[in-house]
Amino acid sequence: DLDRPLFGPPGSAIRLHESDQGLKKALEFAEDRYNRGSNAMHLRKVSRFISATKQLVKGIRYTITVEVSNTQCKKSSMLKTCDFYRESQKLKTELCVFEVWDIPWQDTSTLLKQKCQPIVEPQIEETNKVEDQSNSQPLEESVALLGQFKEFLVKYNKVYSSQEEAERRLRIFHENLKTAEKLQSLDQGSAEYGVTKFSDLTEEEFRSTYLNPLLSQWTLHRPMKPAAPARSP
Amino acid sequence: APASWDWRDHGAVSPVKNQGMCGSCWAFSVTGNIEGQWFLKNGSLLSLSEQELVDCDGLDQACRGGLPSNAYEAIEKLGGLEQETDYSYTGHKQNCNFATKKVAAYINSSVELSKDEKEITAWLAENGPISVALNAFAMQFYRKGVSHPLRIFCNPWMIDHAVLLVGYGERKGTPFWAIKNSWGEDYGEQGYYYLYRGSNACGINRMCSSAVVN
């Protein structure tokens with residue numbers, strides 16, 4: 001039961017440092033499975049560690065966010081050390097989220113989830129025109145969103161019960177940011193809309209927790225005496 | 001009416017409060033109004049209890065919502081409001097433990113104001129902060145500045161949040177209402193929401209009322 005003191009309450013996710021031994025083993029397993037599953041010619045390896053958590057379930061579940069890029073090694077070569085390409089176009093870097101389920105007492109690991117999306121670099125053509133990013137999902141947007149969400153969690157001291165809950169709240173946070181941008185672009189005043197302490201709530205949660213639907217039930221209103229108008233300034 | 005007015009400058013508004021995870025905005029709006037009326041009639045600014053309304057106002061529905069018009073009636077029947085410190089806020093309904101001997105402020109009746117924004121402006125400057133209600137959709141995302149959402153975002157018939165009008169003025173040519181909210185000081189501009197004045201935005205003109213203290 002050595003691990004128990006290192007975990008929070010059952011089910012809660014604990015942030016990991018890159019040097020964690022268990023994490024290294026899980027990451028190697030995920031990398032291996034990733035290469036087996038892809039038909040790319042070159043071996044791809046983790047080029048940058050972003051974040052990871054572990055959670056006590058029947059065994060240990062690791063959730064890892066990393067960048068994966070092309071090395072110069074062909075898959076067929078059995079070279080031990082492989083360098084990354086220097087040219088960013090050849091790197092073909094992807095942002096990936098892996099979920100590895102590790103069962104130490106059976107010495108087995110399972111890749112539960114692998115989600116990767118390419119990182120699109122701005123394409124500078126001869127005419128120096130920068131490609132329009134708005135209709136693609138660049139990594140910068142994802143990383144910026146993660147950064148904003150992290151700031152939000154710290155500022156408003158938000159704690160979620162599980163990794164799934166955190167990911168769900170991140171999605172709601174993202175939707176709310178888009179609504180705020182819409183409000184912002186169409187506002188006729190000088191307001192600033194954006195992240196508030198309610199940014200991780202769906203519109204329905206916000207309405208049912210903080211608002212007062214009775215107010216718009218006009219039939220409930222008790223008629224009141226009219227106020228006398230103002231006399232003078 | 002004067003070009004601008006702010007009852008915070010005249011000592012008639014207590015610090016911003018926090019209703020927590022409870023739909024008791026109606027109670028905060030009404031106590032805010034009565035705090036202002038009591039101050040103007042007696043010269044002392046009290047912080048009055050919303051929890052008393054949440055627990056003891058049988059006409060309304062505590063954290064599931066309520067109407068200012070009902071709350072005034074309930075306060076008249078109860079005999080008045082205790083101070084915040086005597087009946088402190090918990091954010092959920094409990095048994096009523098109202099004590100008449102602790103009543104700090106009472107009201108004699110209540111009135112409904114005109115729906116004309118110019119009239120409301122003049123009335124506020126003359127008589128004190130006003131209990132109002134509006135559509136709060138944009139408020140979930142509001143950080144600062146004078147909010148003037150498009151009508152599609154702020155249906156004036158879908159009133160779902162009660163607040164307190166404490167002042168009005170202009171910022172860089174944009175007329176505004178200064179609105180005391182009850183979501184804590186870390187919301188909006190130190191707890192305040194500023195809304196465009198002059199277009200009945202978000203239905204701000206639809207449910208204006210005040211207690212009357214003789």
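What you see is a predicted model, and the numbers here were worked out from it, not measured in a lab. Labels below follow one simple rule: chain letters A, B, ... track the order of the sequence lines, proteins then strands, and each chain is numbered from 1.
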Q. If every non-hydrogen atom of A:Asp187 is compared with every non-hydrogen atom of B:Val146, which pair is closest and at what distance?
A. OD2-O, 3.8 Å

Q: Determine, step by step, whether A:Ser190 and B:Lys172 satisfy the side chain to side chain contact (heavy atoms under 4.5 Å, CB included) criterion, reporting the C-alpha distance in whole Å, the side-chain angles of both residues, the deciding distance to 0.1 Å, and the verdict.
A: CA-CA 9 Å; A:Ser190 61; B:Lys172 295 179 189 146; over 6 Å; no

Q: Could you tell me which non-hydrogen atom of A:Leu215 sits nearest to which non-hydrogen atom of B:Ile159, and how far apart they are?
A: CB-O, 3.5 Å

Q. Which bit of B:Cys22 is near chain A, if near means a heavy-atom gap under 4.5 Å: side chain, backbone, both or neither?
A. backbone

Q | B:Gln94, CD: over 12 other non-hydrogen atoms inside 6.0 angstrom | A | yes

Q | Side chain B:Gln140, main chain A:Glu203, donor-acceptor under 3.5 Å | A | no

Q: With a 4.5 angstrom heavy-atom cut-off, could you sort out which part of B:Ser24 is near chain A: side chain, backbone, both or neither?
A: neither

Q: Calculate, to the nearest 0.5 Å, the distance between atoms NZ and CG belonging to A:Lys155 and B:Asp186 respectively.
A: 7.5 Å

Q. Just by distance, do the side chain of B:Asn70 and the backbone of A:Arg222 share a donor-acceptor pair under 3.5 Å?
A. no

Q. What are the two closest heavy atoms between B:Glu119 and A:Pro229, and how far apart are they?
A. OE1-CB, 3.6 Å

Q: Verify side chain to side chain contact (heavy atoms under 4.5 Å, CB included) between B:Phe153 and A:Lys182, making sure each step is shown before the conclusion.
A: CA-CA 10 Å; B:Phe153 291 123; A:Lys182 206 177 292 174; 4.1 Å; yes

Q. B:Val111 and A:Met224: side chain to side chain contact (heavy atoms under 4.5 Å, CB included), yes or no, with the steps?
A. CA-CA 6 Å; B:Val111 288; A:Met224 298 167 75; 5.7 Å; no

Q. Contact part of B:Arg206 toward chain A, heavy-atom cut-off under 4.5 Å: side chain, backbone, both or neither?
A. both

Q: Check the angle between the aromatic planes of A:Tyr210 and B:Trp183 and answer parallel, tilted or perpendicular using the 30° and 60° thresholds.
A: perpendicular

Q | Part of B:Ala133 within contact of chain A (heavy atom distance under 4.5 Å) | A | side chain

Q: Work out which heavy atom in B:Leu150 is nearest to a heavy atom in A:Leu186; give both atom names and the distance.
A: CG-O, 3.7 Å

Q | B:Pro149 versus A:Leu183, closest heavy-atom pair with distance | A | CB-CD2, 4.3 Å

Q: Answer with side chain, backbone, both or neither: which region of B:Ser114 has an atom nearer than 4.5 Å to a non-hydrogen atom of chain A?
A: neither

Q: Find out whether A:Thr196 and B:Tyr142 are in side-chain contact, i.e. whether some heavy atom of one side chain is under 4.5 Å from a heavy atom of the other.
A: no

Q: Pick one of side chain, backbone, both or neither for B:Met207, based on which atoms fall under 4.5 Å of a heavy atom in chain A.
A: side chain

